[in-house]
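One structure below.
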Amino acid sequence: MKAVRFHEYGGIDVLRVEEVERPVPGPGQVLVEVRAAGIQPGETHIRQGGLHARWPATFPSGQGTDLAGVVVELGPEVRGFAVGDEVLGFTHDRASHAEFVAVDDVRLTPRPEGLSWEVAGSLHVAGATAYASVFAVDPGPSDTVVVSGAAGGVGSLAVQLARRRGATVIGLASEPNHAWLKEHDVIPVEYGDGVAERIREASGGPVDAFIDTFGIGYVDLAVELGVRPERINTIRDWGTAAKVGAQTAGESTAACAAVLGELARLAARGELEVLIAGVYPLAQVQDAFRELERRHTHGKIVLHP
């Protein structure tokens, strides 16, 4: 089968699509023929070596966590799935950017009717991260919550989940994304110089919680706005979070089939919009990451193996 590999840390040019052995599902695993697999900013940082101390790569390394596809083979002791089932799920083996992937059955959930392959295959990492971030800061109807990177893959879901809890949500995003935020009852604010004052003006009062999906100074901004550290969550700026006592809940906090199934059902019913910014064939994985690494995509980028 074909799969994405890199043999050393580096830029986009180290990514290759190679012929590798098709995996054999072990006990409690199913083999999924992948129809769609999302790509993540974290995969960029891992491939560049920036997260070696936290998540080291073993070469040659595959990549990919999110996936959706069709079950084509069952390993021993599999529960709840049959050949031909349409599923979405995740793997922590850096393996979903491939034509086939062996996945633990506990990390899969059925694909709801009406949920596109692109959304199904890009939902887990962004969805679980957004879910965990919102749960960590616990917004309610009387709260005002700020979300940085509010139009990105994680941020666009976090603002919607916070609104579902009844909170007033302020979304930091560039001006071209403001219309989408307004459509989802989110107050848009331009990031950049003077953002603290613009947030204060938009909130008309205190800011109660802050979800940082972007990094680079936003934990400090939350502190400047008077948000208590326990109600700040960042998925990127772990160093500053440790200094001020902020939270760092992310994908691993909510990585389970139950959460993924809940998010999938919301998306299938049209109650959660999952934005798809671009779709690329597996052979164009380098182009997909070039688009991602511009850091201005509105939603998820997906590979079609």
Side-chain angles (χ1 to χ4, degrees), residues 123 125-192 194-237 241 246-251 253-254 259 262-263 266-267 269-275 277 296-300:
L123 185 55
V125 169
T129 304
Y131 189 101
S133 298
V134 172
F135 187 85
V137 304
D138 193 24
S142 62
D143 289 328
T144 296
V145 184
V146 177
V147 179
S148 67
V154 175
S156 62
L157 299 180
V159 296
Q160 294 178 76
L161 293 174
R163 283 293 299 130
R164 287 182 63 82
R165 284 171 164 247
T168 298
V169 180
I170 295 172
L172 305 185
S174 58
E175 195 279 331
N177 296 314
H178 286 190
W180 182 87
L181 292 170
K182 289 177 182 177
E183 289 171 5
H184 292 77
D185 297 322
V186 176
I187 302 167
V189 168
E190 182 85 23
Y191 57 78
V195 66
E197 188 54 41
R198 290 193 293 276
I199 290 171
R200 292 188 182 99
E201 183 178 348
S203 68
V207 173
D208 303 289
F210 200 111
I211 295 171
D212 169 37
T213 75
F214 195 85
I216 313 176
Y218 282 110
V219 173
D220 289 331
L221 173 62
V223 172
E224 179 186 345
L225 292 168
V227 182
R228 300 200 318 268
E230 65 269 21
R231 300 201 71 190
I232 302 169
N233 192 79
T234 179
I235 65 170
R236 295 187 183 278
D237 194 354
Q247 298 199 67
T248 56
E251 179 261 340
T253 310
V259 168
E262 178 184 345
L263 295 171
L266 287 173
R269 295 197 300 262
E271 297 176 26
L272 182 69
E273 183 178 5
V274 182
L275 298 165
H296 288 288
T297 55
H298 187 36
K300 296 295 299 178

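Predicted model, so just to flag it, every value in this text is computed and none were measured.
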Inset, instruction - May I ask you to decide whether Arg231 forms a salt bridge with Asp143, counting only side-chain N to carboxylate O separations under 4.0 Å? - result: yes

Legend entry - Qualifying residue for side chain to side chain contact (heavy atoms under 4.5 Å, CB included) with Arg163, from Thr168, Val134, Val169, Val145: Val169

Inset, instruction - Nearest 0.5 Å please: distance from the OG atom of Ser133 over to the CD1 atom of Ile235. - result: 5.5 Å

Legend entry - Mutual orientation of the aromatic rings belonging to Phe135 and Tyr131 [parallel < 30°, tilted 30-60°, perpendicular > 60°]: parallel

Inset, instruction - To the nearest 0.5 Å, tell me how far Asp138 CG sits from Gln247 CD. - result: 9.5 Å

Legend entry - Side chains of Glu273 and Glu183 in contact at under 4.5 Å (non-hydrogen atoms): no

Inset, instruction - Please tell me if the side chains of Trp180 and Val159 come closer than 4.5 Å, counting only heavy atoms from C-beta onward. - result: yes

Inset, instruction - Could you please spell out the steps behind the salt bridge (Lys or Arg N to Asp or Glu O under 4.0 Å) verdict for Asp208 and Arg228? - result: CA-CA 8 Å; Asp208 303 289; Arg228 300 200 318 268; over 6 Å; no

Inset, instruction - Kindly compute the distance separating CG (Asp212) from CG (Asp237), expressed to the nearest 0.5 Å. - result: 6.5 Å

Inset, instruction - Side-chain contact test, heavy atoms from C-beta onward, threshold under 4.5 Å: evaluate it for Leu172 versus Ile199 and give yes or no. - result: yes

Legend entry - Sub-4.5 Å side-chain heavy-atom contact between Ile211 and Val146: no

Legend entry - Non-hydrogen side-chain atoms of Phe210 and Val223 separated by less than 4.5 Å: no

Legend entry - Side-chain heavy atoms of Leu266 within contact of Gln160, under 4.5 Å: no

Inset, instruction - Look up atom OG1 in Thr129 and atom CG in Asn233, then write down how far apart they are to the nearest 0.5 Å. - result: 10.0 Å

Inset, instruction - Indicate yes or no: at least one non-hydrogen side-chain atom of Ile170 is less than 4.5 angstrom from one of Val186. - result: no

Inset, instruction - Give a yes or no answer on whether the side chain of Ser156 reaches the backbone of Gly152 with a donor-acceptor pair at less than 3.5 Å. - result: yes

Inset, instruction - Kindly compute the distance separating OH (Tyr191) from CD1 (Ile216), expressed to the nearest 0.5 Å. - result: 11.0 Å

Legend entry - Over 12 non-hydrogen atoms of neighbours within 6.0 angstrom of CD in Glu201: no

Legend entry - Over all atoms of both residues, closest heavy-atom pair of Arg236 and Thr213: NE-O, 2.9 Å

